[in-house]
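The sequence lines fix the lettering, A, B, ..., with proteins before strands; numbering per chain opens at 1. All values below were derived from every heavy atom in this structure, side-chain atoms included, with hydrogens, water molecules and symmetry-related copies excluded.
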There are 2 protein chains.
Amino acid sequence: MIDSRLRILQMVAEHGTVTAAAQALHYTPSAVSYQLRQLAAEAGVELVAHQGRGIRLTNAAHILLRHAERVQEQWELTRAELAALGSEPTGQVTLCGFSTAASRLLPPAAAGLRDAHPHLTVRIIEAEPDRCFDLLLSEEADLALLVVTADSPPMTDRRFDQQPLLDDPLDLVVPQGHPLSWRRRVTLADAAGEPWIVGHPGTTYHQLVLAACMSAGFTPHIAHHADEWATGTALVAHGFGVILVPRLAQLGQESPVTRIPLRGEPAPARRIMSVTRLGAREIPTLTQAVDTITATAARLLPKPDGG
Amino acid sequence: MIDSRLRILQMVAEHGTVTAAAQALHYTPSAVSYQLRQLAAEAGVELVAHQGRGIRLTNAAHILLRHAERVQEQWELTRAELAALGSEPTGQVTLCGFSTAASRLLPPAAAGLRDAHPHLTVRIIEAEPDRCFDLLLSEEADLALLVVTADSPPMTDRRFDQQPLLDDPLDLVVPQGHPLSWRRRVTLADAAGEPWIVGHPGTTYHQLVLAACMSAGFTPHIAHHADEWATGTALVAHGFGVILVPRLAQLGQESPVTRIPLRGEPAPARRIMSVTRLGAREIPTLTQAVDTITATAARLLPKPDGG
DNA sequence: CTGACCGTTCAAACTATTTGCATGATTGAC
DNA sequence: GTCAATCATGCAAATAGTTTGAACGGTCAG
């Protein structure tokens with residue numbers, strides 16, 4: 001509903017370059033360039049200034065960006081009004097989230113929606129947090145579950161409504177028989193000297209582990225890279241190091257490892273957020289989805305006793 | 001800039017039928033129908049209900065209409081911001097108005113704008129008041145000069161900013177030597193018994209004359225129809241009746257007629273309004289245009305002495 | 001029951017957008 | 001300095017989206 005040219009401008013502002021914006025939108029740079037030109041003509045102002053081999057957005061562009069935010073918000077309010085108008089929710093709602101969310105939290109919520117509203121089409125997209133924000137902006141998705149990363153927009157970003165959903169505690173996974181597995185109380189710092197297995201640089205998992213270790217006061221010795229839980233677990237089982245897994249993540253039973261809840265103040269955890277476009281949270285369908293997700297999470301993470 | 005589908009919905013709301021909306025937009029009914037369907041799908045709601053051989057807009061459609069108004073207003077504010085950003089006004093500005101305005105008020109204003117801002121393209125469209133509102137909505141025009149008619153949107157219509165510009169006094173035109181031409185003081189009621197020459201039914205001029213006569217307390221005897229001043233004047237000169245002409249209208253010198261300023265409380269006049277989309281009046285270019293038009297009007301209608 | 005209107009549908013004509021490639025400009029590495 | 005890499009843009013061709021025109025079914029007034 002929001003003008004596609006404004007969306008493109010938002011992406012350019014977000015990603016800094018025409019090329020990156022094009023990538024996020026599944027467009028080619030030519031298309032983005034062309035549309036920016038159109039928008040500039042329509043508004044009767046210059047939008048971009050060339051700077052080096054890239055571009056810089058002008059003052060006028062920032063005015064248009066503020067406009068886009070307001071229109072976006074207004075549109076979400078209207079959507080909510082329409083949805084509240086009664087009658088069965090119709091059309092399509094799309095939930096997106098990173099791997100663990102997509103596999104454990106979203107399906108129950110999606111199924112609940114589907115069963116409650118026969119005329120509603122429910123879609124799920126598994127995507128990394130960065131991409132989730134793009135999906136929200138482009139209205140390809142309506143609700144996103146994601147872990148905060150260094151690349152996340154700030155909480156104050158007026159395009160999004162970001163609410164903490166739950167704190168997913170982190171467990172340390174060590175080989176069976178590892179000295180730490182006998183300890184009554186293990187903190188992250190206790191594993192500071194271990195060789196670590198983390199995701200590839202740039203992945204959310206990589207950032208997560210590094211951030212957790214950093215806030216525990218040490219920099220991990222990274223011995224191996226593995227992006228999938230199964231791979232990491234297997235490496236641990238064979239004594240290549242230790243990994244950190246969020247409580248929500250399910251590990252296969254194949255590898256003989258010990259999973260140890262970490263203690264600490266605060267206990268190491270990853271914060272999972274539910275994110276909508278600003279104003280969209282009031283849409284009944286989404287409210288219901290968030291409720292279901294909260295309930296699911298409570299079931300999967302029974303009582304966080306002790307801390 | 002505003003979504004073309006919302007514009008179409010506005011037109012349908014305004015004109016009541018798909019066909020009429022299509023006409024106003026220079027579209028075919030098919031296109032309007034198709035776009036309404038698209039909009040409904042995008043919003044996930046029903047927009048039209050069939051009623052008899054026409055349609056009726058649903059509740060949801062009215063919510064969307066309110067949305068359209070708000071977005072429209074927001075866009076105009078943004079335009080004003082952009083325009084105020086400094087730098088020379090660029091792009092295009094279009095003024096529209098009914099015949100007299102188009103010939104006597106708009107050209108000086110347009111010329112002023114053109115000379116003041118070399119990079120600005122100025123256009124003029126001559127159009128009946130009804131059409132002027134459509135032109136504003138579709139952003140084909142930015143400022144309209146028009147006479148209030150029975151079909152005008154109410155002053156409270158949140159899509160427009162309607163400001164009184166001037167009152168154009170009405171003159172009675174009678175054949176030379178006509179008894180009324182010797183009177184020191186003539187009111188409209190004095191011509192109640194004359195045969196009248198008016199525009200064709202439905203024209204602004206027709207409405208104007210009837211409204212004036214009605215507020216003077218009589219219904220004119222309509223003897224002839226003529227839409228052009230020259231035709232009407234010629235008919236008057238040949239003794240077929242009398243006509244009413246606004247002071248701004250220039251009559252050719254070919255026909256021997258007498259033009260008598262009408263008295264009364266209030267003096268018969270047509271009220272000329274300057275209309276913009278709501279929020280657009282602050283755009284410097286338009287402000288300047290209105291100023292020039294006011295000045296031109298003051299020059300053309302020197303001092304309304306006496307009443 | 002007939003003619004006038006109205007809204008919708010469908011394939012075809014038409015527009016506008018998007019792509020793919022070529023180009024010029026800038027940056028950083030060697 | 002040279003060279004490869006990165007970036008934005010321009011243009012013709014491909015593609016997707018919109019608009020048209022003609023046909024149809026429903027509704028209303030005479």
Original post:
Whole Å only: how far is the CD atom of A:Q23 from the C1' atom of D:dT6?
Top reply: 12 Å
**OP:** Give the rounded distance in Å between these two atoms: CD1 of B:I8 and P of C:dT8.
**Re:** 13 Å
Subject >> Along DNA chain C (nearest heavy atom to each residue), the more 5'-positioned of A:Y27 and A:Q51 >> reply: A:Y27
Original post:
When you measure from the side chain of B:Y34, which nucleotide among D:dT19, C:dT19, C:dT17 comes out closest?
Top reply: D:dT19
Original post:
Taking only side-chain nitrogens and oxygens of B:H26, does any of them come within less than 4.0 Å of OP1 or OP2 of D:dT19?
Top reply: no
**OP:** For C:dT17, take OP1 and OP2 only and decide whether either is under 4.0 Å from a side-chain N or O of A:R5.
**Re:** yes
Subject >> Distance in angstrom units between B:L25 CG and D:dT20 P, rounded >> reply: 10 Å
Original post:
Within a reach of under 6.0 Å around CD of B:E46, are more than 12 heavy atoms found that belong to other residues, nucleotides or ligands?
Top reply: no
Subject >> Whole-Å gap separating P (D:dT19) and CG (B:L36) >> reply: 12 Å
Subject >> Single hit among A:E14, A:E139, A:E76 for salt bridge (Lys or Arg N to Asp or Glu O under 4.0 Å) with A:R159 >> reply: A:E14
**OP:** Among A:D142, A:D161, A:D134, A:D157, find the one that has a salt bridge (Lys or Arg N to Asp or Glu O under 4.0 Å) with A:R277.
**Re:** A:D142
Subject >> Contact nearer the 5' end of DNA chain C, comparing B:R37 with A:S30 >> reply: B:R37
Original post:
Can you tell me how far C1' of D:dT19 sits from CD of B:Q38, to the nearest Å?
Top reply: 12 Å
Original post:
Using a cut-off of 4.0 Å on non-hydrogen atoms, how would the nucleic acid contact of A:T28 be classed: base, sugar-phosphate, or nothing?
Top reply: base
Original post:
In whole angstrom, what separates A:L39's CG from C:dT17's P?
Top reply: 12 Å
**OP:** Using only side-chain N and O atoms of A:T19, determine if any of them is under 4.0 Å from OP1 or OP2 of D:dA8.
**Re:** yes
Original post:
Closer to the 5' end of DNA chain D via nearest nucleotide, is it A:P29 or A:R53?
Top reply: A:R53
Original post:
How close or far is atom C1' of C:dC6 from atom NE2 of B:H15, stated in whole angstroms?
Top reply: 16 Å
**OP:** Begin with the C-alpha distance, continue with both residues' side-chain angles, and end with the deciding distance and a verdict on ring-ring contact (aromatic ring centres under 6.0 Å, His included) for A:W75 and B:H67.
**Re:** CA-CA 7 Å; A:W75 170 236; B:H67 172 71; 5.1 Å; yes
**OP:** Please assess A:R66 against B:E81 for the test salt bridge (Lys or Arg N to Asp or Glu O under 4.0 Å), listing each intermediate value before the final yes or no.
**Re:** CA-CA 11 Å; A:R66 277 206 300 281; B:E81 255 189 275; 3.0 Å; yes
**OP:** Ignoring the backbone of A:Q35, work out which of D:dT20, C:dT17, D:dG26 is nearest its side chain.
**Re:** C:dT17
Original post:
Does A:H50 make a side-chain N or O approach to OP1 or OP2 of C:dG24 shorter than 4.0 Å?
Top reply: no
